[in-house]
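Single-structure report; data block below.
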Amino acid sequence: GENVEQHPSTLSVQEGDSAVIKCTYSDSASNYFPWYKQELGKRPQLIIDIRSNVGEKKDQRIAVTLNKTAKHFSLHITETQPEDSAVYFCAASMNTGNQFYFGTGTSLTVIP
Amino acid sequence: NAGVTQTPKFRVLKTGQSMTLLCAQDMNHEYMYWYRQDPGMGLRLIHYSVGEGTTAKGEVPDGYNVSRLKKQNFLLGLESAAPSQTSVYFCASSRDRGVYTGELFFGEGSRLTVL
């Protein structure tokens, strides 16, 4: 099956700085890559996703990039704010299956 | 529209006891999933279902059983609980992967402790 690795496991940034989280995947058949944010004690929620036919996608302060050749994708958060503090999970899946494989999560702390 | 609802929210079991976690969704989603979340391990898929009456094994199915007798419900059972099954369990649902995004909608989670 698919193997998704995520780094770093913890990340601290000063408010206003940028944060980058990286994930790699093993199965070249994976073609859908979502990112989920989980605030403390809450359920994970989708914040952005990207399909394999797109190299980059932006939504206000967050962006995701995908390098299919290298099989890695990254989440970029600019102008970080304290409310960005949470655990972020990347995931990979493919159209032919219905399983989502998650990374181990990155705990982001934004220091005011 | 409640989305995805899990019951119970918390449960403490003794080793060897059995229990069932119930997941209900009111979004008419075809796909439903059970994940477990452990520190440093992320979300790992236990079982999933692609429609009423169907179930399939995920990454970590051992020690769990599931049933999807009705489209809106997905039950996760532990026949003989073990301390290794202490975890937070999340149910999720999604529409399909064709036209839609495939977004997973999660329940609030169920914290299970096995003593």
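Just so it is clear: chains get the letters A, B, ... in the order the sequence lines come, proteins before strands, and each one is counted from 1. Just so it is clear, the values below take in all heavy atoms, side chains as well, and ignore hydrogens, waters and symmetry mates.
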Worksheet item: What part of A:Pro34 gets closer than 4.5 Å to chain B, counting heavy atoms only: side chain, backbone, both or neither?
Response: neither
Worksheet item: For A:Gln6, is it the side chain, the backbone, both or neither that has a heavy atom under 4.5 Å from a heavy atom of chain B?
Response: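 The answer is neither part of A:Gln6.
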Taking all non-hydrogen atoms of both residues into account, name the closest pair between [X] and [Y] and its distance.
X	Y	answer
A:Phe89	B:Gln37	CZ-NE2, 3.1 Å
A:Pro44	B:Phe106	O-CD1, 3.4 Å
A:Arg43	B:Val4	NH1-O, 3.8 Å

Worksheet item: So if you build clusters from Ile, Leu, Val, Met, Phe, Trp, Tyr with side-chain heavy-atom gaps below 4.5 Å, do A:Leu46 and B:Tyr33 land together?
Response: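 Yes, A:Leu46 connects to B:Tyr33 through the hydrophobic network.
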Discussion item. Quick check on the hydrophobic clustering: are A:Tyr32 and A:Tyr25 connected, directly or via other members, by side-chain heavy-atom contacts under 4.5 Å?
Written reply: no
Worksheet item: Side chain of A:Tyr101, backbone of B:Glu59: donor and acceptor closer than 3.5 Å?
Response: no
More than 12 heavy atoms of other groups within 6.0 Å of [X] [atom1]:
X	atom1	answer
A:Glu79	CD	no
A:Glu83	CD	yes
B:Arg44	CZ	yes
B:Leu115	CG	yes

Fill in: Inter-residue atom distance A:Phe100.CZ - B:Tyr48.OH, 0.5 Å rounding
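It comes to 11.5 Å.
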Worksheet item: Are A:Phe102 and B:Tyr35 close enough that their ring centers fall under 6.0 Å?
Response: yes
